[in-house]
Number of protein chains: 2
Amino acid sequence: MELKDFKKRIYIEDLHQQLGKEVIIAGWLYNKRSSGKIHFLLVRDGTEIIQCVVVKGQVSDEIFDVSDQIGAETSLLVKGMVSEDKRSPLGYELQVSDIFVIQAPSLEYPISPKEHGIEFLMDNRHLWLRSRKQFAVLRIRHEIISAIRDFFNERNFVLIDTPIFTPSAAEGTSTLFATDYFGMNAYLTQSGQLYAEAAALAFGKVYCFGPTFRAEKSKTRRHLTEFWMVEPEVAYFDLDDDMKLAEDFVSYIVQRVLAQRKSELEILERDVTKLKSVVSPFPRVSYGEAVDILKNNGIDFEWGGDFGGSDETVISEQFDRPVIVHRYPAEVKAFYMKRDPEDDRLALAMDVLAPEGYGEIIGGSQREDDYDALLKRIDEHQLPREHYNWYLDLRQYGSVPHAGFGLGVERVVAWICGIPHIRETIPFARTIYRLSP
Amino acid sequence: MELKDFKKRIYIEDLHQQLGKEVIIAGWLYNKRSSGKIHFLLVRDGTEIIQCVVVKGQVSDEIFDVSDQIGAETSLLVKGMVSEDKRSPLGYELQVSDIFVIQAPSLEYPISPKEHGIEFLMDNRHLWLRSRKQFAVLRIRHEIISAIRDFFNERNFVLIDTPIFTPSAAEGTSTLFATDYFGMNAYLTQSGQLYAEAAALAFGKVYCFGPTFRAEKSKTRRHLTEFWMVEPEVAYFDLDDDMKLAEDFVSYIVQRVLAQRKSELEILERDVTKLKSVVSPFPRVSYGEAVDILKNNGIDFEWGGDFGGSDETVISEQFDRPVIVHRYPAEVKAFYMKRDPEDDRLALAMDVLAPEGYGEIIGGSQREDDYDALLKRIDEHQLPREHYNWYLDLRQYGSVPHAGFGLGVERVVAWICGIPHIRETIPFARTIYRLSP
């Protein structure tokens with residue numbers, strides 16, 4: 001073989017159509033083991049890993065020596081016959097006839113099967129992506145994002161890409177990243193919601209889906225400075241409609257991953273019984289009922305406060321699927337949320353808490369649609385009116401009941417994959433101490 | 001009716017299933033005309049616009065008066081019988097029996113059918129989105145983005161969300177937005193390509209798709225400071241493969257919009273004959289041949305320079321579909337592009353130029369995969385080596401031929417919609433002078 005033979009390559013995931021035929025695959029040596037006269041090369045090409053069997057006497061001595069000497073992450077072309085192998089998860093293997101090495105690392109590949117510290121792995125994230133577990137997590141992330149888009153597209157929601165640069169700081173500047181914008185101050189968005197509201201009144205049903213930014217100095221396993229959020233917003237929609245949409249949405253995502261990413265969940269050794277029960281409807285408890293749950297579990301919690309991570313865990317542990325907590329005290333929620341007409345202390349808000357201690361994955365609400373009430377909140381929160389004139393316009397010209405929510409992608413990936421830390425749920429995590437690679 | 005009857009509403013786009021039945025729709029008054037005893041209300045709900053016929057004597061006097069008095073963008077519920085109307089593009093209309101006004105603007109709606117200046121419309125972008133033409137452009141944008149994702153997902157590319165915050169400035173800081181990142185300098189990404197290369201060597205075929213940023217002080221109709229770019233990257237891929245992928249991709253997008261968004265293209269009065277010819281293969285000309293085209297058209301162009309917008313127009317006018325220009329002088333292209341083994345002055349680069357003067361929509365290349373050659377370029381371009389160590393690692397551990405490209409979404413939307421200025425192709429445009437709403 002020669003280098004240009006890579007143009008004849010077939011992807012490993014497509015080899016089931018080639019049983020009994022000679023093919024060329026193009027990939028990297030993932031791992032190998034030897035038993036004297038046979039080398040078993042595990043070769044990956046980004047779609048799957050296949051076992052390539054090199055038998056002394058069945059290949060030239062030169063090729064046998066090559067397969068003896070090559071180290072991890074050598075790039076290579078392998079020619080061979082596709083044969084059935086019922087012991088492998090893939091179902092087939094390659095009986096090698098030829099190997100062409102493209103590039104053999106002159107240094108030892110830094111990530112070995114032994115344990116490495118997390119900082120070392122994150123420093124080598126560009127290589128760590130090649131490991132089996134990271135491969136599985138990010139393929140599941142891909143599936144989750146596809147499911148998100150399919151869910152809304154199938155329901156005729158219009159995608160609205162809301163701006164990243166915003167002129168105003170909706171909830172204070174302390175957690176915002178700022179940039180000089182040709183002499184003005186611009187802030188990186190924390191949510192596309194206000195813009196999605198404008199679009200919902202134009203398109204009926206919309207969603208935005210993009211990166212959002214928080215300059216929080218938190219080092220918890222749930223926080224990134226840069227994360228992806230999807231935010232549907234619907235005109236003529238109330239809190240009940242919003243909760244229904246949220247539970248249908250979360251169930252759809254989970255059932256899709258269970259159906260499409262079985263092998264990746266197996267690599268992660270995920271207990272899928274806990275995912276199978278994630279179907280609509282979800283249990284719904286009011287904030288007041290949630291406080292009672294905490295008290296009944298011996299937690300000294302006072303009505304009026306927001307739940308912390310450990311509170312959320314206690315509440316969610318009562319249920320076998322996500323739970324929706326609704327109607328929070330308005331004091332702990334955002335200015336744009338509509339008050340409960342039956343109790344003015346409450347906001348028409350809802351959060352979805354994931355099971356197994358993964359905490360809040362969705363936050364949403366019915367929005368304040370009355371001009372005067374909204375103006376009052378803006379003043380109460382001491383927000384600069386001039387930045388909200390356009391947002392107030394939405395209550396001036398054809399205001400309607402409307403609602404929406406936001407779902408944080410990385411938290412959902414962590415939950416579905418069953419991994420403890422959010423930093424592995426995105427290709428290149430950004431945290432308070434990490435800006436590279 | 002009363003407010004809560006909005007929960008019974010049916011979307012206008014679904015009314016074809018309701019012929020002869022009485023329904024409630026929930027929307028906004030888009031426009032109206034009257035002929036004495038009949039009011040024709042055009043009501044939009046974000047999915048479609050329907051004509052609602054209010055006949056004196058067939059509704060109460062009160063309802064007839066309401067329909068006489070309501071102004072543009074009043075939000076309202078309309079009850080009526082769905083009946084066929086072959087004259088309307090929708091095919092049906094509503095024979096009104098009842099109207100419930102939700103909110104009647106106390107001020108006149110600022111956007112009237114008369115001509116407005118562009119700055120006024122951009123200042124009122126949150127309302128302008130409701131206009132028929134903007135509605136059509138952004139629904140086509142939605143379709144283009146769906147087509148982009150479907151194209152790559154159907155071909156088993158893995159979505160890799162590359163980071164927005166980056167530590168280094170690949171091509172100088174002059175066009176970068178910077179932010180203070182907990183005491184470090186972070187820059188907003190201009191391309192996910194380098195990260196996509198790392199991912200391609202892990203996943204084989206990947207794409208990133210997100211917002212990118214350029215602090216360019218250009219005020220042309222082709223520039224935004226914030227725009228969306230999709231960037232596929234494939235391992236074991238050369239320049240020819242890259243050009244094939246690009247032409248298949250662009251054809252797929254255009255044919256999808258033609259098939260799915262006929263009515264929106266009609267609203268925009270787009271000459272679709274010019275889109276129908278956009279099918280693979282595209283003509284391919286080398287840079288040298290492109291220079292000859294310019295000279296033959298009387299343009300004084302010297303070999304070695306980059307093409308300007310007017311040069312691109314002259315080249316693309318020779319063809320009835322997009323044209324691919326390949327193998328540019330390395331001097332005018334980026335450091336990471338592989339040199340042409342047959343002529344070291346050239347880079348294995350390619351651009352796709354759209355017809356009708358819309359200019360470059362794709363830029364791509366085969367990447368330098370040799371460690372020493374890449375290191376030399378990094379030094380020649382005076383880039384800080386310490387920021388590129390991870391990128392060099394990709395040539396140290398299992399380097400392979402690989403290639404990719406980037407497509408700018410807004411330029412493609414402008415071209416397919418046939419609109420002259422890019423600012424209408426994104427929901428909330430950001431330009432050198434505009435950061436709001």
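Bear in mind the structure is a predicted one, so any value in this text is a computation, not a measurement. Below, chain A is the first sequence line, B the second, and so on; all start at residue 1.
- In this structure, the portion of A:P211 lying under 4.5 Å from any heavy atom of chain B is its side chain and not its backbone.
- With a threshold of 4.5 angstrom between heavy atoms, A:E13 approaches chain B through side-chain atoms but not through N, CA, C or O.
- Ranking A:R139, A:E143, A:E197, A:R141 against chain B, the residue ahead of the rest is A:R141, based on heavy-atom pairs under 4.5 Å.
- Residue contact with chain B, scored on non-hydrogen atoms closer than 4.5 Å, is absent for A:A429.
- The candidate with the highest count of non-hydrogen atom pairs below 4.5 Å against chain A, out of B:Y236, B:F203, B:Y181, is B:Y236.
- Below 30°, between 30° and 60°, or above 60°: for A:F209 and A:W228 the angle between ring planes is above 60°, a perpendicular geometry.
- Looking at A:R430, its side chain does come within 3.5 Å of a backbone N or O of B:F165 through a donor-acceptor pair.
- No other option in B:H126, B:K217, B:R130 has as many heavy-atom pairs under 4.5 Å with chain A as B:H126.
- Put simply, the side chain of B:Q103 gets close to the backbone of A:S399: a donor and an acceptor are under 3.5 Å apart.
- Within the 4.5 angstrom heavy-atom criterion, only backbone atoms of A:E108 (N, CA, C, O) approach chain B.
- Counting heavy-atom pairs under 4.5 Å between each of B:G204, B:A104, B:A202 and chain A puts B:A202 at the top.
- Using a 30° and 60° split on the angle between ring planes, B:F428 and A:W390 fall in the tilted class, from 30° to 60°.
- Heavy-atom distances place the side chain of A:K7, and not its backbone, under 4.5 Å from chain B.
- Heavy atoms of A:L188 lying under 4.5 Å from chain B belong exclusively to its side chain.
- Using a 4.5 Å cut-off between heavy atoms, A:A178 contacts chain B through its backbone alone, with no side-chain atom that close.
- Annotation: maximal heavy-atom pairing with chain A below 4.5 Å, among B:A235, B:S436, B:C208, occurs at B:A235.
- Under the 4.5 Å side-chain criterion, counting only non-hydrogen atoms from C-beta, B:V43 is not in contact with B:I49.
- For A:F152, no part lies near chain B; criterion is any non-hydrogen pair under 4.5 Å.
- For chain B, the nearby parts of A:I164 are the backbone and the side chain; heavy atoms of each come within less than 4.5 Å.
- B:S131 has its side chain within reach of B:I111: a pair of non-hydrogen atoms, C-beta onward, lies under 4.5 Å apart.
- Side-chain N or O atoms of B:E264 include none that pairs as donor or acceptor with a backbone N or O of B:A136 at under 3.5 Å.
- Heavy atoms of A:Y391 lying under 4.5 Å from chain B are absent altogether.
- With hydrogens and angles disregarded, no donor-acceptor distance shorter than 3.5 Å links the side chain of B:H142 to the backbone of B:I140.
- Each of B:V409, B:I160, B:D238 has some count of heavy-atom pairs under 4.5 Å with chain A, and the biggest count is that of B:D238.
- Interface residue A:D161: backbone and side-chain heavy atoms are both found under 4.5 Å from chain B.
- Of the two parts of A:R125, neither the backbone nor the side chain holds a non-hydrogen atom closer than 4.5 Å to a non-hydrogen atom of chain B.
- Distance alone, capped at 3.5 Å, places no donor-acceptor pair between the A:E73 side chain and the A:P105 backbone.
- No donor-acceptor distance shorter than 3.5 angstrom exists from the side chain of B:T189 to the backbone of B:T212, with no hydrogens or angles considered.
- For A:E216, the part lying near chain B is the backbone, with the side chain staying farther off; criterion is any non-hydrogen pair under 4.5 Å.
- Relative orientation of the A:F182 and B:F177 rings is perpendicular, given thresholds of 30° and 60° on the angle between their planes.
- For A:N185, the part sitting under 4.5 Å from any heavy atom of chain B is the backbone (N, CA, C, O) and nothing else.
- Under the 6.0 Å distance and 45° angle rule, A:K205 counts as a cation-pi partner of B:Y11.
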